Amino acid sequence: VYGAFEYIGEGMYRGRYNATVSGFYVMNVVASRESLSEHTHIYHSPFDVFVSPSETSALKTIVAGTGTSRGTAGNIEPVRIFARDAFGNFKLSGGDEFNVRLLLLGRHQQKWEEEAASNPVGTYFQDVDVNDLGNGQYSADFASPFSGQHKLYVTLKKAGGLFGAYFSSYDFDPRHLV
């Protein structure tokens, strides 16, 4: 990561740099003049710097767990949300607001059940509680009382409106990512 400095007056300079990978860095700040053949560190340089992840991106966030692809009626199915920023850095703290909703799309039924007024297909949904684990991860475990095809909706609420909705699979578990 390289940065640039500009003179702002009265012997002061303003430095700027743009890091897209979060983590610990050592920042060397050196002074140089045409008459000097070597660069000289300014007082206290090098500096230890920590670059934090930026705001959460719905497009880069990962949803994983067996509950994203299969389950058994009545059993608790795990779903984990791994918040990441636009650069793919995993978030290190919580505070995001995710909504998770499970919708029953279809199921094998007897003919009389399909015609019944209490047919849950297309009308049954479950708003799943999301637990902020405080480390950039969230749990959204659920148990559906119905067997059949479901759709899991995961949305990230952002100031100013909905930023994105997405779905991914347990195959995208962060332990399998490079």
Side-chain angles (χ1 to χ4, degrees), residues 1-32 39-71 76-103 125-142 150-178:
V1 177
Y2 291 94
F5 284 84
E6 64 178 313
Y7 183 69
I8 58 173
E10 299 182 19
M12 294 188 295
Y13 291 81
R14 177 184 300 133
R16 296 174 190 252
Y17 60 92
N18 185 19
T20 58
V21 178
S22 66
F24 289 96
Y25 290 86
V26 175
M27 181 181 1
N28 294 295
V29 180
V30 295
S32 176
H39 299 290
T40 305
H41 281 272
I42 67 165
Y43 186 65
H44 288 299
S45 177
F47 301 95
D48 292 327
V49 176
F50 180 74
V51 175
S52 299
S54 64
E55 70 178 357
T56 301
S57 165
L59 298 175
K60 295 289 185 170
T61 292
I62 297 171
V63 180
T66 56
T68 63
S69 62
R70 64 181 178 271
I76 295 174
E77 303 300 337
V79 174
R80 296 295 177 269
I81 301 168
F82 299 90
R84 298 195 314 171
D85 69 11
F87 304 104
N89 298 300
F90 286 96
K91 297 296 293 260
L92 305 174
S93 60
D96 291 309
E97 189 173 348
F98 289 94
N99 288 342
V100 177
R101 177 174 273 194
L102 183 69
L103 176 66
F125 67 88
Q126 179 182 357
D127 288 323
V128 179
D129 289 331
V130 178
N131 182 25
D132 185 343
L133 302 178
N135 60 359
Q137 299 178 25
Y138 302 79
S139 64
D141 302 346
F142 66 87
H150 292 74
K151 188 163 193 167
L152 184 68
Y153 293 91
V154 179
T155 55
L156 170 63
K157 289 175 68 174
K158 302 286 277 185
L162 178 67
F163 183 76
Y166 50 85
F167 171 85
S168 62
S169 165
Y170 70 97
D171 294 327
F172 299 116
D173 189 314
R175 291 172 294 194
H176 299 135
L177 298 176
V178 177

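Keep in mind that what you see is a predicted model, and the values were worked out from it rather than measured.
No option in Asn99, Leu59, Thr56 other than Thr56 meets the side chain to side chain contact (heavy atoms under 4.5 Å, CB included) test with Leu156.
Across every non-hydrogen atom of Tyr17 and Gly3, the tightest pair is CB-CA, 4.0 Å. Residue Val130 comes nearest to Phe98 through the heavy atom pair CG2-O, 3.5 Å, listed as atom of the first residue, atom of the second, then distance. When all heavy atoms of Ser57 and Ala86 are compared, the closest pair comes out as CB-N, 3.6 Å. Looking at every heavy atom in both residues, Pro53 comes nearest to Asn89 through CB-CB, 4.1 Å. In this structure, Pro46 and Val26 approach most closely via the heavy-atom pair CB-CG1, 3.4 Å. Scanning both residues, Ser52 and Ser22, for their nearest heavy atoms gives C-CB, 3.9 Å.
Interatomic distance, Asn135 CG to Lys91 NZ, rounded to the nearest 0.5 Å: 12.0 Å. How far CG of Asp96 is from CD1 of Ile81: 9.5 Å, rounded to the nearest 0.5 Å. In this structure, CG on Leu102 lies 11.0 Å from CZ on Phe125, to the nearest 0.5 angstrom. The OH atom of Tyr138 sits 12.0 Å away from the CZ atom of Phe82 when rounded to the nearest 0.5 Å. With rounding to the nearest 0.5 Å, the separation of CD1 in Ile42 from NE2 in His44 is 9.5 Å. One finds the OG1 atom of Thr61 at 9.5 Å from the CZ atom of Phe90 (value rounded to the nearest 0.5 Å).
Lys158 places no side-chain N or O within 3.5 Å of a backbone atom of Glu97 that could act as its donor or acceptor partner. Using modelled atom types, one side-chain atom of Asp141 and one backbone atom of Val79 make a donor-acceptor pair closer than 3.5 Å. Side chain of Asn131 to main chain of Ser139: no donor-acceptor pair is present (N/O by atom type, distance under 3.5 Å, no hydrogens or angles).
Within the 4.5 Å cutoff, the side chain of Tyr13 has no heavy atoms near those of the Val29 side chain. Val51 places none of its side-chain heavy atoms less than 4.5 Å from the side chain of Val21. With a 4.5 Å cut-off on side-chain heavy atoms, Val100 and Leu152 count as touching.
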Side chain to side chain contact (heavy atoms under 4.5 Å, CB included) between His41 and Asn28: does it pass, once the steps are laid out? CA-CA 7 Å; His41 281 272; Asn28 294 295; 3.1 Å; yes
For a side chain to side chain contact (heavy atoms under 4.5 Å, CB included) check, start with the C-alpha distance between Gln126 and His150, then their side-chain angles and the critical distance, and finish with the verdict. CA-CA 10 Å; Gln126 179 182 357; His150 292 74; over 6 Å; no
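Around the CD1 atom of Ile76, the shell of radius 6.0 Å holds no more than 12 heavy atoms that belong to other residues, nucleotides or ligands.
For Phe87, there are no ring pair (Phe, Tyr, Trp, His ring centres under 6.0 Å) partners, not counting sequence neighbours.
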